[in-house]
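To keep things clear, I will list the structure first and then write my remarks on it.
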Amino acid sequence: MLQPSFNKKLKKLIIEKLTMENNKGFWILAPVVLVLAIVLAFMGNPLTHKDVPPQQLLLLAAIGSHYYSTDQVAEMLINHDPALVLVDVRQPAEYEKWHIEEAVNIPVDSLLTPTWYNWLTRPGQTVVFCSNDDALAQMAWLATRRLGASNTFVMKGGLNEWFNTIVNPPAPGPMADKVQLALYTKRMGARQHFYNLGMVGEATEKPKEAPKKVVKPTAVQHSAAEGGC
Amino acid sequence: MDLNLILNTMGPLITNGIIDPGWNNYIALLLGMAFGFVLESAGFSSSRKLAGVFYGYDFVVLKVFFTAAVVSVIGIYLMGHLGWLDISKLYIQPAYVQSTIVGGVIMGIGFLMGGFCPGTSFTGVAIGKIDAMVFSVGMFIGVLIFGELYPLFENLYNAGNLGYITITEYFGIQPGIFILGLTVVALVAFYVTAIIQQKVKKVDY
């Protein structure tokens, strides 16, 4: 007879205790939450990383404003343009075979690692990607632009174009105008600068030797660039 | 902005490729079990406790869900400020205005009549409550009816779609201000409901 009423009293006591403690919890936690909310209200918008919309990228690509011609790149290299970073995005094996001397090798698959990405997107730099043709360089350009980089470009035509214009420039025909002749002279100058090749007629043979000369110094440069980052 | 964080350690973990999407279902299973366990532990398997909101003798449902909203929104935005979480990558449910209102009314009536919401009815089933089992069966009947008569409801179902939008985006309010407002409303609601609860006759359950 005694037990049920005792149980009820105990239950009531427990419930009262619980609600008391719940109220205590309220008075402790409410100010904490409120302070956090006030802090948030003064912090403005949080950091978000909005991707560049694909439509905008497509438009950029269609305009072709992301291209540097091989002549432009050659000129920048000859002038030792401090802003230019020429990035060869092919695999190291391909890079070792032949590359432009000043180019740094960052394979396209390691381009987005934080170290490289941060290094490439330092303000004030002009990053020009090159690969055998446009394809890989375009990929690198698209990925970096998508992430919000605004200073990346593509060397139009890639190393094939470099070979056809700088290493082995086609001689202007007999009907060539002044501009074409000037361009040819300029390219020959560049060729002289990069490969110490003077004569036009030997062009088909000599460039094959040129890469071999180039390999050793760039191997050093390559590792230096890696170590620097 | 620190790209190191964005590229490497920012949540959401699956969207950012830090956790393989293949783990999605396993993580969902674990979270679901944890959710059910906590619901049951908090007494949410009792239909009387749940219906208490409508009669004024127990506001635990309101407190729990409001607390969850406030804590998570503050947490999410703080993590956003700290660079741990990319808020723009979070999935937002699309907002359907009309269908949400109609669905909310139906859900409220069902909640009041049956004493469960879908999730809590399963916690009730898990501990062997007969009313929860009846409720669950009813829920499946409702799903069946909806599925069979879908062409009838289709227009209503898709009515008023505003897309993936949040309240702050829709009204152009600063998220921080909205969160502060929500927090104040929640705290006031907790305080007022505590007073109501004290005045309403206690129900033994």
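Here the structure is a predicted model, which means the values were calculated and not measured. Each chain gets a letter, A, B and so on, in the order the sequences are listed, and its residues count up from 1.
- Residue B/Phe146 qualifies as enclosed at atom CZ: its count of foreign heavy atoms under 6.0 Å is above 12.
- With values rounded to the nearest 0.5 angstrom, B/Leu78 atom CG is found 4.5 Å from A/Leu40 atom CG.
- In this structure, chain A has heavy atoms under 4.5 Å from both the backbone and the side chain of B/Tyr191.
- The 12-atom threshold is not exceeded at CD1 of B/Ile167, counting heavy atoms of other residues, nucleotides or ligands nearer than 6.0 Å.
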Could you tabulate the donor-acceptor pairs under 3.5 Å formed by side-chain atoms of residues 96-117 of chain B, not counting sequence neighbours?
unit_1	atom_1	unit_2	atom_2	d
B/Ser99	OG	B/Tyr157	O	3.4
B/Ser99	OG	B/Ala159	O	3.4
B/Thr100	OG1	B/Tyr96	O	2.2

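- The distance from the CD1 atom of A/Ile38 to the CD1 atom of B/Ile179 is 13.0 Å, given to the nearest 0.5 Å.
- The number of heavy atoms from other shown groups lying within 6.0 Å of CG (B/Asn155) does not exceed 12.
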